[in-house]
Amino acid sequence: MANDEMKKTSQVGEAKAKEPKKKTSYISAKESRRITKFNRKITKKLEHDREEAGKDPAYYTTRMRDPNNVVEFDNMCTYFFSDVGTVKAVDGISFDVPKCSTVGVVGESGCGKSVTSLSLMQLLQRPSGQTVGGEIRLNMGDGTALNIVNTPVEKMQELRGNYISMIFQEPMTALNPVFRIGRQVNEVIELHNPEMSEEEVKARTMEMLELVGIANKEGVYEMYPHELSGGMRQRVCIAIALACRPGLIIADEPTTALDVTIQAQILDLLQNLKDKINSSIMLITHDLGVVAGMADYVVVMYAGRVIEKGTADDIFHHPAHPYTIGLMKSKPVVGKKVEALYNIPGAVPNPVDMPNYCYFRDRCEMHCEQCAGKYPPEIRISDTHVVSCYRYIDEGTVLGYPKTVDVEGLLNG
Amino acid sequence: MAEKTVQAHDAYSAELFKDAEKNPENLLVVKNLKKYFPIKSSFFKMTIGNVKAVDGVSFVIKKGTTMGLVGESGCGKSTIGRTILRLIEKTEGEVFFNGEDIFKLSKAELRAHRPNIQIIFQDPYSSLSPRLPVGEIIGEAVREHNIVPKEEFDDYITRVMEACGLAEYHKDRYPHEFSGGQRQRICIARALALNPDFILCDEPVSALDVSIQAQIINLLRDLQKEFGLTYLFISHDLSVVEHISDTVGVMYLGNLVEYAETDKLFSKPLHPYTQALFSAIPVPDPDYKMNRIILEGSIPSPANPPSGCKFHTRCKDCMEICKYCRPDFAEIEPGHYCACHLYNDPARSAELSKIMDEMKRAEAEKAEAKKK
Ligand SMILES: Nc1ncnc2c1ncn2[C@@H]1O[C@H](COP(=O)(O)OP(=O)(O)OP(=O)(O)O)[C@@H](O)[C@H]1O
Ligand SMILES: Nc1ncnc2c1ncn2[C@@H]1O[C@H](COP(=O)(O)OP(=O)(O)OP(=O)(O)O)[C@@H](O)[C@H]1O
Ligand code: SF4
Ligand code: SF4
Ligand SMILES: [Mg+2]
Ligand SMILES: [Mg+2]
């Protein structure tokens with residue numbers, strides 16, 4: 001309500017200031033009311049559907065396509081019903097996280113990496129954020145799988161921390177500013193090890209803090225989050241995430257706030273832990289150096305879609321998609337001085353209003369005639385390497401087009 | 001005894017950048033800056049010690065140049081930044097901005113300076129007001145300080161946003177609707193919109209993908225060329241630091257351990273910590289095998305730092321003297337400063353050996369007294 005009012009007054013102010021050459025970025029009050037009404041209806045329906053589906057395990061139990069995967073994303077769509085319209089943050093992505101391996105997810109800032117991981121954790125900001133289509137299959141190890149999209153909240157709470165755990169991009173969002181660090185780590189350990197005594201819990205907390213390289217661990221135990229440096233907060237989050245030996249670790253930019261020596265130490269720690277307890281890692285990061293060092297498979301995203309995926313060797317040595325090629329070119333390298341860094345020209349299209357051709361076309365230096373047609377399909381160009389780009393249409397097998405969801409239709413149908 | 005070496009060290013540092021503030025070429029002069037955070041006991045709220053977050057740091061940034069600041073996480077980089085901007089009070093030391101002592105400014109004078117000195121925070125999440133739409137977050141201070149005439153305001157904000165990789169349609173949205181990297185760009189736009197002379201960039205690009213990162217870095221460089229902006233650039237990404245900085249300082253546990261022109265530092269790092277740091281830079285090639293210098297031992301606590309050279313517990317070149325005396329931050333080669341006993345000249349070596357012998361004797365006497 002307050003938002004609407006604010007928007008109206010600011011619009012009035014602006015209209016007065018200069019009427020003629022105003023670009024159409026602001027939404028009329030009527031349009032805004034329509035959007036609000038639509039959002040209320042659709043989120044209500046989606047919440048209701050989910051609740052129904054959650055009542056019967058048959059609706060959320062499925063099978064893995066390949067039992068060697070821990071997670072399979074299958075045309076998953078996650079949208080935000082926001083005040084300015086429907087933001088298709090993730091629109092029909094498919095990729096697998098195989099057992100005991102590390103999958104690196106890279107891509108333009110804002111392309112939907114965090115939203116993908118939050119969908120898997122069911123931690124989207126609801127009701128505005130909703131997974132509206134596709135499946136996320138989580139392997140339960142007993143021949144069955146859960147479809148996370150329909151899994152009820154109570155079941156999810158059991159899984160989070162125990163089975164999947166997440167290192168968040170912004171540590172301050174994961175830490176509670178009013179509690180001391182020690183208490184916050186203790187809580188997680190207690191929750192998952194109810195049999196432990198108070199001393200054992202504290203000892204384990206200390207051990208975890210030591211493991212992530214926190215020096216002053218007795219001091220930090222008593223501190224509040226604001227008293228820690230950026231990197232220390234991030235390491236506390238890592239300690240919390242690793243405290244309970246999860247089968248799948250989602251690490252969203254786990255080391256951006258850390259210097260390279262501690263980064264190396266943390267990455268070693270993740271790698272060792274993964275080998276020791278046979279877990280898998282989904283590693284989201286902008287640091288191509290880190291991805292190259294850690295990942296077995298790499299997924300490249302752009303504007304809410306997967307545009308290329310393959311083994312680390314495929315992506316780093318034979319990048320195929322023009323965006324991936326541009327990304328590799330933009331990275332500054334120590335010892336190679338250049339006047340200006342290369343950057344991909346142009347900007348991502350508005351997620352509320354995506355074009356119906358290749359999302360990268362307006363920035364693509366290699367576009368050809370076909371690219372004006374519909375969004376390119378996924379094309380398999382080797383056993384492990386898949387790319388969405390018309391340049392390879394004659395070289396590989398076409399696998400299919402990413403699915404999208406017609407939200408208006410959803411409401412009516 | 002330890003006190004004595006510290007005093008000798010402080011006196012030495014004070015000499016180093018003497019009168020640097022009087023040179024109009026220097027925009028920022030930091031002399032022997034210290035910031036200690038008191039540790040309070042949980043029972044009586046008594047101070048039982050100090051976290052020596054910044055423990056005697058001196059450097060100079062010339063107008064129109066960029067200084068990169070790198071170092072172990074938690075070594076005090078952000079604290080230096082926050083103290084320079086007087087967001088927190090110093091413990092000791094002096095900071096001159098354009099020849100003026102920052103710590104002597106009154107509240108009102110400081111406010112007048114504010115638009116000139118901007119900061120891009122490390123944690124964008126906590127520095128953006130959740131209740132304001134993005135256009136307002138960026139524009140608020142622009143209006144307050146009358147940076148552009150009223151009728152140009154809208155276009156101006158749009159231009160700044162576009163330069164930072166944001167689009168006009170973002171103006172109406174609220175911070176929580178953005179990704180981590182987009183939020184960081186909002187912070188950058190907010191700082192740049194005020195036309196500052198100096199920007200403290202605390203990890204400004206680490207949340208961004210490499211292409212946007214390149215765009216922002218190119219933008220910062222262009223602004224510098226055009227308007228002579230000065231930056232202090234804190235980052236863990238050494239390839240970015242190498243690209244953007246004219247000089248680089250390397251910190252360890254509250255101290256600057258090495259400081260030189262970028263080319264010099266990267267081609268010939270002198271300090272053993274710098275060498276270890278450079279050996280751990282990840283390379284974007286899955287076949288590349290790194291030759292990392294592994295730092296042995298655990299990271300010491302800033303509340304109780306090791307005696308002598310703070311790095312001695314983990315240094316591969318540690319000598320006896322390192323455990324007793326704190327190394328001077330000395331000019332080893334013209335413009336190349338380093339704090340390490342490996343590079344002592346013979347005269348200073350002899351002097352320090354004497355101090356060490358004295359300390360040893362005192363130690364032995366103490367032990368003897370204890371026995372009795
Ligand atoms: N609560 C929300 N409401 C509306 N839009 C949102 C919301 N959260 C995210 N988005 C949008 O979804 C898109 C994807 O965001 P996401 O956080 O997944 O990006 P990301 O790939 O993690 O980027 P980064 O690397 O910058 O963290 C962005 O365009 C963002 O603006
Ligand atoms: N308000 C505070 N109270 C107590 N200690 C603090 C406070 N702020 C910072 N510290 C301590 O000061 C030290 C330096 O912190 P600072 O944030 O400057 O590190 P940094 O070099 O920026 O690290 P990073 O690279 O991880 O951001 C840390 O040990 C931290 O715990
Ligand atoms: S499909 Fe065409 S426009 Fe899109 S990335 Fe490939 S070449 Fe470029
Ligand atoms: S002074 Fe000694 S311990 Fe310190 S860095 Fe130099 S050699 Fe290593
Ligand atoms: Mg993110
Ligand atoms: Mg910091």
Side-chain angles (χ1 to χ4, degrees), chain A residues 6-7 14 17-18 23 25-26 80 82 84 106-110 114 125 169-170 172-173 210 213 215-216 219 222 227 229-232 253 256-264 286-290 292-293 312-313 316 326-328 330-335 340-344 347 350 352, chain B residues 37 39 42 51 70-74 78 122-123 125-126 150-151 154 165 167-169 171-173 176-182 203 206-215 217-218 221 236 238-240 242-243 266 276-277 280-286 288 292 295 298-303:
Chain A
M6 230 148 82
K7 195 163 288 144
E14 252 133 30
K18 62 176 189 10
K23 281 180 225 144
S25 91
Y26 294 97
F80 288 94
S82 81
V84 292
V106 299
E108 180 114 5
S109 152
S114 300
Q125 206 171 37
Q169 183 170 14
E170 280 160 300
M172 269 321 242
T173 53
E210 167 117 47
N216 177 16
E222 296 290 338
E227 295 177 319
S229 81
M232 290 157 86
E253 302 282 358
T256 33
L258 304 177
D259 65 277
V260 286
T261 56
I262 296 187
Q263 168 170 300
H286 289 303
D287 193 326
L288 296 173
V290 169
D313 178 62
F316 282 96
L327 207 59
M328 299 285 170
S330 314
K331 164 114 183 100
V333 177
V334 170
L341 293 170
Y342 174 78
N343 71 291
I344 305 169
N350 184 346
V352 178
Chain B
F37 292 103
I39 306 170
S42 28
V51 174
V70 301
E72 190 139 52
S73 155
S78 302
Q122 184 170 13
D123 197 347
Y125 188 76
S126 47
K150 264 212 188 71
E151 57 280 8
D154 249 2
E168 195 178 11
Y169 64 78
K171 273 189 191 170
D172 270 351
R173 295 163 92 194
H176 75 267
E177 296 178 17
F178 287 85
S179 76
Q182 289 167 331
E203 302 274 0
S206 54
L208 306 177
D209 63 276
V210 282
S211 175
I212 305 262
Q213 188 175 313
Q215 185 188 340
I217 291 170
N218 289 340
R221 295 254 305 212
H236 288 305
L238 295 164
S239 56
V240 169
E242 186 194 21
H243 180 78
F266 276 81
L277 196 64
I281 300 173
V283 177
D285 180 349
Y288 183 85
R292 246 167 67 204
L295 290 178
S298 60
I299 304 157
S301 151

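The contact between A:Ser330 and chain B is made by backbone and side chain atoms together, counting heavy-atom distances below 4.5 Å. Interface remark: A:Glu227 contributes no atoms to any contact with chain B (heavy atom separation under 4.5 Å). For B:Gln182, the parts sitting under 4.5 Å from any heavy atom of chain A are the backbone and the side chain alike. Looking at B:Ile217, only its side chain comes within 4.5 Å of chain A, counting heavy atoms on both sides. Contact of A:Gln169 with chain B is made through the side chain alone, with heavy-atom distances under 4.5 Å. Both the backbone and the side chain of B:Leu277 come within contact range of chain A, judged by heavy atoms closer than 4.5 Å.
With hydrogens and angles disregarded, no donor-acceptor distance shorter than 3.5 Å links the side chain of B:Asn218 to the backbone of A:Ala340.
Note: A:Phe80 CZ to B:Glu177 CD = 9.0 Å, rounded to the nearest 0.5 Å. One finds the CG atom of A:Leu341 at 10.0 Å from the OG atom of B:Ser211 (value rounded to the nearest 0.5 Å).
For the residue pair B:Asp209 and A:Gly107, the shortest heavy atom distance occurs at CB-O, 3.6 Å. Nearest approach of A:Asp259 to B:Ser73, heavy atoms of both residues: OD1-N, 2.7 Å. In plain terms, the two heavy atoms of A:Ile344 and A:Leu327 that are nearest each other are CD1-N, 4.0 Å.
Heavy-atom pairs under 4.5 Å with chain A peak, among B:Gly165, B:Ala276, B:Pro284, at B:Pro284. The candidate with the highest count of non-hydrogen atom pairs below 4.5 Å against chain B, out of A:Asp287, A:Thr256, A:Val106, A:Asp313, is A:Thr256. Ranked by heavy-atom pairs shorter than 4.5 Å toward chain A, the options B:His236, B:His243, B:Gln215 are led by B:His236. Taking chain B as the reference chain and counting heavy-atom pairs below 4.5 Å, the highest number among A:Leu258, A:Val333, A:Leu288 is found for A:Leu258. The greatest number of non-hydrogen atom pairs below 4.5 Å with chain A, out of B:Lys150, B:Arg173, B:Gln213, is found for B:Arg173. For the options A:Gly231, A:Gly326, A:Gly293, A:Gly289, heavy-atom pairs under 4.5 Å to chain B are most numerous at A:Gly289. Counting heavy-atom pairs under 4.5 Å between each of B:Ala167, B:Ser78, B:Ser179 and chain A puts B:Ser179 at the top.
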message: Assess the residue pair B:Leu238 and B:Val70 against the criterion (side chain to side chain contact (heavy atoms under 4.5 Å, CB included)); give the C-alpha distance rounded to whole Å, side-chain angles, the decisive distance to 0.1 Å, and a yes or no.
response: CA-CA 8 Å; B:Leu238 295 164; B:Val70 301; 3.7 Å; yes
- request: Given side chain to side chain contact (heavy atoms under 4.5 Å, CB included), test A:Val290 with A:Glu253 step by step and report yes or no.
  value: CA-CA 10 Å; A:Val290 169; A:Glu253 302 282 358; over 6 Å; no
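Applying the salt bridge (Lys or Arg N to Asp or Glu O under 4.0 Å) criterion to B:Glu72, with sequence neighbours excluded, gives B:Arg314.
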